[in-house]
Amino acid sequence: METVVSGIRPTGNLHLGNYFGAIKNFLKMQDNNNCFFFIADYHSLTTHPTPEDLHGNVRQVLAEYLAVGLDPEKATIYIQSDLPEVAELTLLLNMNAYLGELERTTSFKDKARQQPDNVNAGLLTYPVLMAADIIIHHAAKVPVGKDQEQNLEMTRKFAARFNRMYNVEYFPIPQPFNFGEALVKIPGLDGSGKMGKSEGNGIFLIDEPSVIRKKVMKAVTDTGPTELNSPVAEPIANLFAIMSVVSKPETLEFFKEQYVNCNIRYGDLKKQLAEDIILFNEPIREKIKEIADNKDYLRKVVSMGKEKAHASASKTLKEVREIIGFKPF
Ligand code: TYM
């Protein structure tokens, strides 16, 4: 049985990118592994949410985790800030994380560009906090989407550096994981890039059918192929990519063939895509509403998760402290 760790920032509702990039794999792993899935609320502080927004978002993401099928009887589902050991391990790892390598990460550079008035130290050390999340439970596998690849590379580096520095084989070197396949990137509806919360191009699991139809019908397209067998332009390839995860394979094949033959009607493609997303979302959306209202259940899940996660984290911190040389007199 391997240990699996992954998390999601509570900065808004879960979208199709979160689902097909990460959650789908979480779900497949919780039966046969020692799984820890958490809500990364420390990480979300880099954008300075109000206390009300922070709490509301954590609750919402928790309800969404449970609605998609994460099972608190099988996996440890917890809130990152319930484990202060994560903050302590981050502090310890920070001593061996270098300014140059942190400044070079693409996620730091992107964020510094997106929020130039708020380039805080938390953004810089974001990958260190993420490494602490992962290695605190001695994870072997981390199911994530493609956008987290570089952060995972940093985690591997920090874990190996700790082992080397203290001449121990203490932390396993964790792998980003997608069942032997390449990591997934679900694109947005705006013609380029990935689907994301801050990009404003997402389809959320909680979106009502009318909202989904509106978003999909507004998706960026082009003037259409003019020659047989032309390569598929990026905005259309993006719609096909979303179709490949929510629609039947024959539906995707049908539209791809129409593209190749220059017969494609983007209106039809979008209508079909919207209906397939609606079908996919429907049962999840209903469940989210049901669970979000059940405060007692949410409270129970959080306290169960906290207890199990704490047992694992406190053992690690005790051992790490000894390795480093904080020893009792
Ligand atoms: P976050 O909250 O941005 O995204 C959560 C998960 O969803 C995946 N994801 C996507 N996958 C494919 N296509 C997309 N368009 C897409 N958008 C998001 C992400 O890859 C991620 O797996 N730093 C992390 C949260 C985190 C974490 C961790 C993850 C904190 N500590 C430890 C794993 C292990 C983040 O911001 O993900």
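Whatever order the structure lists them in is the order used to number ligands and atoms, beginning at 1.
In the vicinity of Ser6, heavy-atom distances shorter than 4.0 Å reach the ligand 1 atoms 33 (C), 34 (C). Which parts of ligand 1 touch Lys194 is read off a 4.0 Å heavy-atom cut-off, strictly below it: atoms 15 (N). Set against the non-hydrogen atoms of Val184, the atoms of ligand 1 under 4.0 Å away are 11 (N), 12 (C), 13 (N). Residue-ligand proximity, Tyr126 to ligand 1, at heavy-atom distances under 4.0 Å covers atoms 23 (N), 24 (C), 35 (C), 36 (O). Taking every heavy atom of Gly145 and a limit of under 4.0 angstrom, the matching atoms of ligand 1 come to 11 (N), 19 (C), 20 (O), 22 (O). The Val142 neighbourhood of ligand 1 comprises atoms 33 (C), 34 (C), with distances under 4.0 Å to a heavy atom of that residue. Those atoms of ligand 1 that come under 4.0 Å of a heavy atom in Ile134, given as number and element, are 32 (C), 34 (C). Set against the non-hydrogen atoms of Met195, the atoms of ligand 1 under 4.0 Å away are 14 (C), 15 (N), 16 (C), 17 (N).
Both the sub-6.0 Å distance and the 45° axial angle are not jointly satisfied by Lys24 relative to the ring of Tyr19.
Counting heavy-atom neighbours within 6.0 Å of Lys308 NZ, excluding the residue itself, gives a total above 12.
If you check which protein heavy atom lies closest to atom 18 (C) of ligand 1, you get Asn18 ND2, 3.3 Å. Atom 31 (N) of ligand 1 has its closest protein heavy atom at Asp133 OD2, 2.7 Å. Distance from atom 3 (O) of ligand 1 to its nearest protein heavy atom, with residue and atom name: Arg9 NH2, 2.7 Å.
Considering only heavy atoms from C-beta on, Gln60 comes within 4.5 Å of Asn13 through its side chain.
Of the N or O atoms in Asp147, one or more lie within a sub-3.5 Å distance of an N or O in ligand 1. Of the polar atoms of Ile186, at least one N or O is found under 3.5 Å from an N or O of ligand 1, judged by distance alone. At least one N or O atom of Gly17, backbone or side chain, sits closer than 3.5 Å to an N or O atom of ligand 1.
Evaluated by nearest non-hydrogen atom to atom 28 (C) of ligand 1, the leading choice among Met130, Lys146, His15 is Met130.
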Take Tyr78 and His310 through the test ring pair (Phe, Tyr, Trp, His ring centres under 6.0 Å) and record every step on the way to the result.
CA-CA 9 Å; Tyr78 66 98; His310 178 71; over 10 Å; no
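For the 3.5 Å distance criterion, the side chains of Asn281 and Asp207 fail to qualify, holding no donor opposite an acceptor.
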